[in-house]
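Numbering starts at 1 and runs along the sequence shown. Every number for a ligand or one of its atoms is a count from 1 in the order of the listing.
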Amino acid sequence: MNVLVINCGSSSLKYQLLDMNTEEVLAKGLAERIGNQGAVLTHEAPGQEKVKFEQAMETHKEALNILMAALVDPNHGVLKSLEEVSAIGHRVLHAGEYYSDSIIIDADVIEKTELCNEMGPLHNPANLIGIRACQELLPKVPQVAVFDTAFHQSLPAEAYMYALPYEMYEKYHVRKYGFHGTSHKFVSRAAGEVMGKNIEDLKLISCHLGNGASLCAVKNGKAIDTSMGLTPLAGLVMGTRCGDIDPAIVPFLANKGYDVAELDNIMNKKSGILGVSGVSSDFRDVEEAANAGNERAQLALDIFYYRVRTTIGAYVAAMDGVDGIIFTAGLGENSVTSRQIICDGLSYLGISLDPVANSKRGEATIISDKDSKTTVMVIPTNEELMIARDTLALAK
Ligand code: AMP
C-alpha cells in the first residue's frame, strides 16, 4: 500500500510517497514559490538524479498536477499509475479541541478545520487548499488529516487553561493547544522501543529543538504538558520567536507606539536567537559567532539552554520523575555541544552522557552512559512516516 504525504504551506508543498509494506520512501519533493515568479518543484527518488520542474504554478492544484505527473513519468517516475496511491495523509496544523487523533477527511472535518483557521492563519488555510486540490484530482482516494495539535489533547485542564477570565476560554477558545504533536508522538513511541520498555510504563520528556522548538511531557504514552500554547509563539526561545515573556511587555511596548501587527511581527520574526544575538536565526551561525567571542551570540545560546533546562525541570515536577529525555529535530539531532550543555545542568537527575555515543548522528541511539539514572536519547524525528502510519491505519 502506497501512501502520499502532503504538507502544504502558504506558497509551498512538501511531499513524500511511502511504500507502507516496507515504510520505504519511494519519492519525495518540494514545490516552492507557488503563485509567485520563479516557482519550482524539485522531485527526487532514491538512486535517481534530482529533477527540477521550473514552470509557472499559480495554485497548489497545479503543483499537485506536476508532482503526480512526476510520480508516473516513464523516465523518473516510481509508479505505473496513480491508482497505486492508496491513501493521502495531510499534515494539518490546528484542530482546536475538535480532534484528539488523526481522522478520515469528510465535509465535517473540513468545516471544523476551517473554524480553526483564525488560530493557525498561516497554515490551516494552506492545508485546506491542499486537501481540496487532492480531492479534486484523486476523488476516490481516502484522505486523512493528521493534526499537529492532536497529540496534546490529552493535557489535563490545569496544564492547558490560562488564568484569564473563564469566558475567554468559553467565547474564544483561548487555551494551550501545543504543536509539533506528530513529532513528539513519533519520538516518544520510538523511545519506548530504544529503551526496550512499554511506553505505558514510562515518563518521558521529548525535546523538539529546531528552528521552532517545544518540549512535551509524555506520561504513560500520553502528553500531559507541552511548552507551546494557543499559538507556536509560547514556551522556549526559538530561531526568531521570543517564547514566554511577561505578557505585560505587550501593552508596555504598545504605549511606546508599537501597533499590534508590529509587535506580532517582532515577537515572531525578529526575536529569539536572532533578536538577542543580532547574528542569525540559525543555531550553527550563532554557535560559530559565540566560539569566535561574540558575547551576544553566547548570551542568546545561554538563554536558550537555560530555558530548555528549566522547562525540563518543570516537566520532571509535572510527572513526579522522568525515565527518559529525548532530543530531536535539527539542533536536537545534530548539535553535540547543545545536548552536552543542556545535560550538564541536569546532574540532579543522575544524568551522565557517554561522549562517544553523544558524538553520533542520524540514528536513534542512547547517549547517556550505563551509570546514568535517566536515559538520554537522540531520536531523529520523522513526521512524514508518522503521518503515513496514521493514514494507513485509518485508510485500511
Ligand atoms: P529544523 O527546524 O528541525 O529543520 O531545525 C533547523 C535548525 O537546526 C537550524 O536552524 C539549525 O540552527 C539547527 N541545526 C541543524 N544542524 C545543526 C548542527 N550541526 N549544529 C547546530 N545546529 C544545527
Engineer: Which of the numbered atoms in ligand 1 are under 4.0 angstrom from any heavy atom belonging to Ala329?
Structural biologist: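 It comes down to these atoms of ligand 1: 3 (O).
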Engineer: To which protein heavy atom is atom 23 (C) of ligand 1 closest, and what is the distance rounded to 0.1 Å?
Structural biologist: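 Sorting protein heavy atoms by distance from atom 23 (C) of ligand 1 puts Arg284 CG, 3.7 Å first.
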Engineer: Closer than 4.0 angstrom, basic N to acidic O: yes or no for Glu136 and Lys61?
Structural biologist: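 Counted as a salt bridge, because a side-chain N and a carboxylate O are separated by less than 4.0 Å.
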Engineer: Taking only heavy atoms of Ser335, which atoms of ligand 1 are found under 4.0 Å from at least one of them?
Structural biologist: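 Contacts of ligand 1 toward Ser335, numbered from 1: 20 (N), 21 (C).
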Engineer: Which one of Asn334, Thr240, Val286, Val336 has a non-hydrogen atom at the shortest distance from atom 17 (C) of ligand 1?
Structural biologist: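 Closest candidate by heavy-atom distance is Asn334.
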Engineer: Crowded around Tyr98 OH? As in, over 12 foreign heavy atoms under 6.0 Å?
Structural biologist: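 More than 12 within 6.0 Å, yes.
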Engineer: Give a yes/no verdict on a cation-pi contact between Arg175 and Tyr177, requiring under 6.0 Å between NZ or CZ and the six-membered ring centre and an angle within 45° of the axis.
Structural biologist: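 Output yes; distance and angle both within limits.
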Engineer: For ligand 1, is there an N or O atom under 3.5 Å from any N or O atom of Ser281?
Structural biologist: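 It does not: no N or O of Ser281 is found under 3.5 Å from an N or O of ligand 1.
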Engineer: Among side-chain atoms of His208 and Thr328, is any donor-acceptor pair under 3.5 angstrom?
Structural biologist: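 On atom types as modelled, these side chains do not qualify, holding no pair under 3.5 Å.
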Engineer: Applying side-chain hydrogen bond (donor to acceptor under 3.5 Å, both in side chains) as the test, list every pair that has at least one member in residues 383-396; sequence neighbours left out.
Structural biologist: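 Those involving residues 383-396 are Glu23-Arg389, Arg91-Glu383, Ser102-Asp390, Lys185-Asp390.
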Engineer: Judging by distance only, is a nitrogen or oxygen of Asp282 under 3.5 angstrom from one on ligand 1?
Structural biologist: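 Yes: some nitrogen or oxygen of Asp282 is under 3.5 Å from one in ligand 1.
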Engineer: Please confirm whether the backbone N or O of Asn268 pairs with a side-chain atom of Ser271, one donor and one acceptor, at under 3.5 Å?
Structural biologist: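 Side chain of Ser271 to backbone of Asn268: no pair is present.
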Engineer: Numbering the atoms of ligand 1 from 1, which are under 4.0 Å from a heavy atom of Gly210?
Structural biologist: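 Here the atoms of ligand 1 in question are 1 (P), 2 (O), 3 (O), 5 (O).
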Engineer: Output yes when the distance from some N or O of ligand 1 to some N or O of Gly330 is under 3.5 Å, and no in every other case.
Structural biologist: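 Yes; the residue has a nitrogen or oxygen that sits under 3.5 Å from a nitrogen or oxygen of the ligand.
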Engineer: Honestly, is Lys256 close enough over Phe252, meaning NZ or CZ under 6.0 Å from the six-membered ring centre and within 45° of the axis?
Structural biologist: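 Yes; both conditions hold, so Lys256 lies above the ring face of Phe252.
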Engineer: Given Thr381, Leu331, Leu209, Asp285, which one has a non-hydrogen atom that is nearest to atom 8 (O) of ligand 1?
Structural biologist: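 Selected option, by shortest heavy-atom distance: Leu331.
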Engineer: With atoms numbered from 1 as shown, which atoms in ligand 1 lie under 4.0 angstrom from a non-hydrogen atom of Asn211?
Structural biologist: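 Ligand 1 atoms under the 4.0 Å threshold to Asn211: 1 (P), 2 (O), 5 (O), 6 (C), 7 (C).
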Engineer: For a quick check under 3.5 Å, do Thr149 and His94 share a side-chain donor-acceptor pair by atom type?
Structural biologist: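 No.
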Engineer: Who's the nearest protein heavy-atom neighbour of atom 12 (O) of ligand 1, and how far?
Structural biologist: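 Checking every protein heavy atom, the shortest distance to atom 12 (O) of ligand 1 gives Phe283 N, 2.5 Å.
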Engineer: Under 4.0 Å from atom 4 (O) of ligand 1, is there any protein heavy atom?
Structural biologist: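 Within 4.0 Å: no protein heavy atom nearby.
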